[in-house]
Number of protein chains: 2
Amino acid sequence: MMIGEVAEKTGFSVHTLRYYEKIGLLPETLRDAGGRRVYGPDVLVWLEFVERLKQIGMPIRDRVRYAEMRAQGDSTISARRELLQTYRDDLAKRVASLSETLDVLDAKIATYETATKCNGASQ
Amino acid sequence: MMIGEVAEKTGFSVHTLRYYEKIGLLPETLRDAGGRRVYGPDVLVWLEFVERLKQIGMPIRDRVRYAEMRAQGDSTISARRELLQTYRDDLAKRVASLSETLDVLDAKIATYETATKCNGASQ
DNA sequence: GCTTGACCTAGAGTGCACTCTATAACCTAG
DNA sequence: CTAGGTTATAGAGTGCACTCTAGGTCAAGC
């Protein structure tokens with residue numbers, strides 16, 4: 001795969017993919033005779049996971065740290081587990097908090113609906 | 001209340017509170033003889049809600065827009081409802097997606113634990 | 001052989017949301 | 001009456017995570 005195809009399949013822009021390589025979030029790839037990046041299919045799996053880490057709010061520095069440990073191999077497994085565990089626990093709290101906020105919003109919306117029905121009075 | 005007390009009670013910094021006023025996220029307050037801001041207790045309730053909107057990822061521009069509509073009174077209720085509804089629906093999706101990610105992380109952590117137990121082999 | 005489009009690098013620019021600095025006024029306690 | 005802490009303003013600076021620009025190379029199709 002060329003970089004454009006990876007971009008299309010993952011939703012990351014070509015610019016972003018090169019940027020990710022520069023900062024170490026993507027490993028350096030093979031190049032073809034013309035100097036272009038050639039990716040194997042594994043990169044899609046990795047990028048999907050990176051997207052998850054991004055989604056949960058892991059800052060890019062930690063994503064890079066994770067990527068670096070991954071590149072170092074099995075010796076870093078327990079450190080990686082710990083890193084993920086920290087974010088996992090935080091995420092569990094955030095999901096709970098967001099669910100609560102969902103209820104708050106529903107309540108607010110409900111009061112707005114009541115207010116509208118009662119012809120613009122109150123609140 | 002002076003600004004420092006509001007900061008302490010809400011978790012927003014003094015700088016942030018003044019910034020919020022400047023951009024219209026907080027209404028302009030009364031001042032005492034020395035030109036200092038004096039807040040009523042209502043501001044705490046409002047800031048708590050603002051914090052919720054921030055937590056769900058509503059960009060500050062929309063938070064300001066919401067604040068401005070709120071200041072305009074009842075005529076904006078249905079617009080406000082619509083704005084909240086949009087973010088509410090988006091939030092519901094995000095909570096679902098994050099729950100899924102929570103499962104992905106748990107699975108990943110589980111494989112790491114297996115890998116550690118089996119003495120650093122695999123993955 | 002020439003245009004078109006995807007690719008390359010280095011580095012500058014962007015948008016968000018604060019966060020801090022410099023400078024000054026005020027109020028309270030000792 | 002003075003020292004320390006809180007407040008004020010305007011505006012500069014920060015960190016994050018991209019995002020884009022300039023200037024170029026390269027391969028394929030017409």
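Residue numbers start from 1 in every chain, and the chains themselves are labelled A, B, ... in the order their sequence lines are given, proteins ahead of strands.
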Asks: Report the C-alpha separation of R37(B) and T29(B) in whole Å, then their side-chain angles, then the decisive distance to 0.1 Å, and conclude whether the side chain to side chain donor-acceptor pair (under 3.5 Å) test is met.
Replies: CA-CA 6 Å; R37(B) 292 169 181 83; T29(B) 54; 4.6 Å; no

Asks: Under 3.5 Å, side chain of W46(B) to main-chain N/O of L25(B), donor-acceptor pair present?
Replies: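 Confirmed, W46(B) side chain pairs with L25(B) backbone.
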
Asks: Would you say R31(A) reaches dT9(C)'s phosphate, i.e. side-chain N/O to OP1/OP2 under 4.0 Å?
Replies: yes

Asks: Using modelled atom types and a 3.5 Å cut-off, is there a donor and acceptor pairing between side-chain atoms of R94(A) and backbone atoms of I56(A)?
Replies: yes

Asks: Taking atom C1' of dT6(D) as reference, at what distance in whole Å does atom CG of L17(B) sit?
Replies: 14 Å

Asks: Check the orientation of Y112(A) and Y66(B). Use parallel for under 30°, tilted for 30 to 60°, and perpendicular for over 60°.
Replies: tilted

Asks: Output the rounded distance in Å from CE (M1(A)) to P (dC7(C)).
Replies: 12 Å

Asks: Find every protein N or O atom lying less than 3.5 Å from an N or O atom of nucleotides 17-21 of chain C, and list the pairs.
Replies:
residue	atom	partner	partner atom	Å
dA17(C)	OP1	I60(B)	N	3.1
dA17(C)	OP2	I60(B)	N	3.0
dC18(C)	OP1	K54(B)	NZ	3.0
dC18(C)	OP2	Y20(B)	OH	2.8
dC18(C)	OP2	R63(B)	NH2	2.8

Asks: Round to a whole Å and report the spacing from CZ of R18(B) to C1' of dA22(C).
Replies: 13 Å

Asks: With a distance cut-off below 6.0 Å to the six-membered ring centre and an angular limit of 45° from the axis, does K54(B) pair with F12(B) as a cation-pi contact?
Replies: no

Asks: Restricting to side-chain hydrogen bond (donor to acceptor under 3.5 Å, both in side chains), what partner residues turn up for E5(A), sequence neighbours left out?
Replies: K9(A)

Asks: Write down the distance between CD1 (I23(B)) and P (dT9(D)), rounded to a whole number of angstrom.
Replies: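 After rounding, the reported distance stands at 15 Å.
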
Asks: Count the heavy atoms belonging to other residues, nucleotides or ligands that lie under 6.0 Å from CD of E48(B), then report whether that count exceeds 12.
Replies: no

Asks: Ignoring hydrogens, what is the shortest heavy-atom contact between V64(A) and I23(A)? Give both atom names and the distance.
Replies: CG1-O, 3.4 Å

Asks: Tell me, which of residues 33-42 of chain B have any heavy atom that sits under 4.0 Å from an atom in DNA chain D?
Replies: G35(B), R36(B), R37(B)

